[in-house]
Amino acid sequence: QVQLVESGGGLVQPGGSLRLSCAASGSIFRINAMGWYRQAPGKQQRELVARIISGDSTNYADSVKGRFTISTDNAKNTVYLQMNSLKPEDTGVYYCSAVIVVTKYSMGMDYWGKGTLVTVSS
């Protein structure tokens, strides 16, 4: 069984920084991709914030380019999201997602964490 556990959310003032972490644990053969999505207050959908594929290819939402940086520690099966110059519109629940292969015979499956709340407010 695979688990993703996020940490690092909280309350921060506009212009401040936070670093989110997400550790994957359990039966993991390979991690194909890891990423962060957020769900803004009052919205149903989660939007992609940043994603890293096969450890090097990255994608960012236009709204966070130049402010957020995604990185991984492959030895720890952990993904980080460094968020700088935070704005009130960055507020939301941030979910970690990963595409994980559990055996060499299986295909990658999507796994999600339970989310961590980020509030940007003065």
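Values in this document were obtained by computation on a predicted structure and should not be read as measured data.
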What distance separates Ile31 CD1 from Tyr111 OH, expressed to the nearest 0.5 Å?
->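 Here the rounded value is 11.0 Å.
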
Could you pull out all donor-acceptor pairs under 3.5 Å where a side-chain atom in residues 77-85 meets a protein atom, sequence neighbours excluded?
{"residue": "Thr78", "atom": "OG1", "partner": "Lys76", "partner atom": "O", "Å": "2.9"}
{"residue": "Gln82", "atom": "NE2", "partner": "Asn84", "partner atom": "OD1", "Å": "2.9"}
{"residue": "Asn84", "atom": "OD1", "partner": "Ser17", "partner atom": "OG", "Å": "2.9"}

Tell me every residue that passes salt bridge (Lys or Arg N to Asp or Glu O under 4.0 Å) with [X], counting only those two or more places apart in sequence or in another chain.
X: Arg38; answer: Glu47, Asp90
X: Lys65; answer: Asp62
X: Asp110; answer: none

Chi angles and distances behind the side chain to side chain contact (heavy atoms under 4.5 Å, CB included) call for Asn59, Ile53 = CA-CA 9 Å; Asn59 300 111; Ile53 300 170; 3.9 Å; yes

Would you please name every residue forming a side-chain contact (heavy atoms from CB on, under 4.5 Å) with Ser106, sequence neighbours left out?
->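 Once residues adjacent in sequence are excluded, the partners of Ser106 under the side-chain contact (heavy atoms from CB on, under 4.5 Å) criterion are Val101, Val102, Thr103.
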
Could I get the full list of side-chain contact (heavy atoms from CB on, under 4.5 Å) partners for Ala40, not counting sequence neighbours?
->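 side-chain contact (heavy atoms from CB on, under 4.5 Å) list for Ala40, sorted by chain: Lys43.
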
Is Ile52 linked to Ile28 within one hydrophobic cluster, defined over Ile, Leu, Val, Met, Phe, Trp and Tyr using a side-chain heavy-atom separation of less than 4.5 Å?
->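 Yes; tracing contacts between hydrophobic side chains, which count when under 4.5 Å, links both residues.
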
Joint hydrophobic cluster, Val2 plus Met34, side-chain heavy atoms closer than 4.5 Å |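 Shared cluster, yes.
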
Quick check: are there more than 12 heavy atoms from other residues, nucleotides or ligands sitting under 6.0 Å from CD of Gln45?
->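 No, because the 6.0 Å sphere around CD of Gln45 holds 12 heavy atoms or fewer from other groups.
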
ILVMFWY cluster membership beyond Leu117 - transitive side-chain contacts under 4.5 angstrom |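 Members besides Leu117, by chain and number: Tyr37, Leu48, Val93, Tyr95, Trp112.
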
What's the shortest heavy-atom distance between Tyr60 and Ile70, and which atoms?
->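 Taking every non-hydrogen atom into account, OH-N, 2.9 Å.
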
Could you tell me whether the side chain of Tyr94 reaches within less than 4.5 Å of the side chain of Cys22, counting heavy atoms only?
->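 No; the side chains remain at least 4.5 Å from each other.
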
Donor-acceptor pair, side chain of Thr91 and main chain of Val120, under 3.5 angstrom =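 Present.
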
Under 3.5 Å, which donor-acceptor pairs do the side chains of residues 3-14 form with other protein atoms, sequence neighbours left out?
{"residue": "Glu6", "atom": "OE1", "partner": "Lys114", "partner atom": "N", "Å": "3.1"}
{"residue": "Glu6", "atom": "OE1", "partner": "Gly115", "partner atom": "N", "Å": "2.9"}
{"residue": "Glu6", "atom": "OE2", "partner": "Cys96", "partner atom": "N", "Å": "2.8"}
{"residue": "Glu6", "atom": "OE2", "partner": "Gly115", "partner atom": "N", "Å": "3.1"}

